[in-house]
Amino acid sequence: MPGLNTARKNAVILVVLLMVQLVTMSGSVKGAKGSTRTETALMRLTWPVVALARSVSGGVSGVFNGLRELVGARERNQQLEQELGLLSAQSDRYREAVHENERLRRLLGMRRELVPEAIAASVVTSNQDGPTKMIVVDRGTKDGVRPYLPVIAWGGAVGRVVAAEKRHSKVRLLIDANSGVAALVQRSRAQGIVLGRAGGDLDLLYVPRFSDVMHGDRVVTSGLDGIFPRGFGLGTVSAITEAADGAQTIHLEPELDFRALEEVMIVLEPIAGDREEQDGEGDDG
Amino acid sequence: MTFGFSLVALGIALLVQVGLGRIWPESQRYVDALLVPVVWAGLNGTQRSAMFVGCSAGLLKDAWFVVGAFGINGFKRTLLGWGLGGIAARLDLSHPPGRMVAGVLVSLADSVLELFLRGLLDQKAAAQGVLEVVIRAIVTGLLVVLTGTIVDRVKGRHGLSR
């Protein structure tokens, strides 16, 4: 009975394959070290295909965008020239304000926050419609990227590096259901934790009942988690509900359009002043 | 379905999935190109080749599009390849309606298995709408039919028989 024999062999192969993957899966879920060896090998092996897809899609997008931008470029040029005139005047005023701010900070004896060292990275692949929300960026361990580093973009916080390979890294977005970041309401300084929701939005949780939070308030990173620098935008309060235990659940409209992410910044240096604490955490984890 | 053909199919699927995701990010919600080689191998190859193609396609998806549970898609798609390979050995599904049905059913089973496995691993995941799952299943079915039509034409032109 060769047919039965083949079926039995296939069943054995199936069981072996499933067992191996089950072990890999559980190791990947439990492990905080980043990616497994299989994952690393597979990503290295298929990197040329992804790089090709990236360049081809970049070319196609470029052609479409070029055509779109060509239409109405003259009007926009005139508009931009006018805006430039206004902005250069504003820029002088801001420069003065920065100097004044520096002086006041020194006077108040506040700790001057160092500008974190960061590198720019391009988004290679993005998956925001599956069960997990993540991006892969083209910077890896050779650029100094390692797990736990915060990722930001112009306008707000993006997420956290969860796995770093030689040439690329995986970033878990803030809107992923397994993400969390310490946050505060910019206006009232009420603190809480922003967690990703299963639906792809954000919730501000663990805010005391009597905290002053209003619809439209801007929520930013507080820096208390020792990962994200302080002051990066997370979202705007769009709904407030009160739980039975007295804590408020605040729904946020994310500040960033995560789908439009093309370039991000990976913050390579821990938050100034928190360096020792973070190193200690890294050793544990 | 030869080893070389499987590799090429997987490479093309990865290329399409990455490229499409960069040009039109919302497409990831409805298009799962990495499921097409699994269905194709199930319908046209042996049960064993379908398992291996399923395993490879799933792991590729895990590596480039999933965070936190490496192996979840590999596990699902190995199982799906095995199941479809077994069914296709008994039923003739190598015509367009059969391919369509196979594509739709494998995609639906993939979504159900995803929910089950994430629950088992205690992983939080974004809820997938029923409409979204159905559209993705139909798109997968259509992609399998399209792939079949293209491969049949190429084979016909070169006078090859399956």
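Below, read A as the first sequence line, B as the second, and so on, with proteins coming before strands; counting in each chain starts at 1. Keep in mind the model is a prediction, meaning the values are calculated, not measured.
- With a threshold of 4.5 angstrom between heavy atoms, B/L120 does not approach chain A through any atom at all.
- If you tally non-hydrogen atom pairs under 4.5 Å between each of B/Q28, B/R29, B/R136 and chain A, the highest count goes to B/R29.
- Proximity of a side-chain donor or acceptor of A/D225 to a complementary backbone N or O of A/F228 within less than 3.5 Å is detected.
- Proximity to chain A (any heavy atom under 4.5 Å) is shown, for B/L60, by both the backbone and the side chain.
- Between chain B and the residues A/L14, A/I13, A/V56, A/L45, the most heavy-atom pairs under 4.5 angstrom are made by A/L14.
- With B/N44 contributing its side chain and B/A41 its backbone, the two residues share no donor-acceptor pair below 3.5 Å.
- Contact of B/W82 with chain A is made through the side chain alone, with heavy-atom distances under 4.5 Å.
- Ranking B/G71, B/A63, B/G81 against chain A, the residue ahead of the rest is B/A63, based on heavy-atom pairs under 4.5 Å.
- Counting only N and O atoms by type, the side chains of A/R172 and A/T132 include no donor and acceptor under 3.5 Å apart.
- Of the listed residues (A/V123, A/I175, A/L42), the one with the most heavy-atom contacts under 4.5 Å to chain B is A/L42.
- Between chain B and the residues A/T46, A/L18, A/V136, the most heavy-atom pairs under 4.5 angstrom are made by A/L18.
- Although no hydrogens or angles enter the test, the distance criterion places no donor-acceptor pair under 3.5 Å between the side chain of B/S107 and the main chain of B/V104.
- Considering only heavy atoms from C-beta on, A/L173 comes within 4.5 Å of A/V158 through its side chain.
- Contacts between A/T38 and chain B at a heavy-atom distance below 4.5 Å involve backbone atoms as well as side-chain atoms.
- Within the model, atoms CE of A/M134 and CD of A/Q128 stand 10.0 Å from one another, a figure rounded to the nearest 0.5 Å.
- In terms of heavy atoms, A/G140 sits closest to A/S169 at CA-OG, 3.6 Å.
- The closest side-chain heavy-atom distance from A/I119 to A/L268 is below 4.5 Å.
- Contact of B/E26 with chain A is made through backbone and side chain together, with heavy-atom distances under 4.5 Å.
- For chain B, the nearby part of A/S126 is the backbone; its heavy atoms alone come within less than 4.5 Å.
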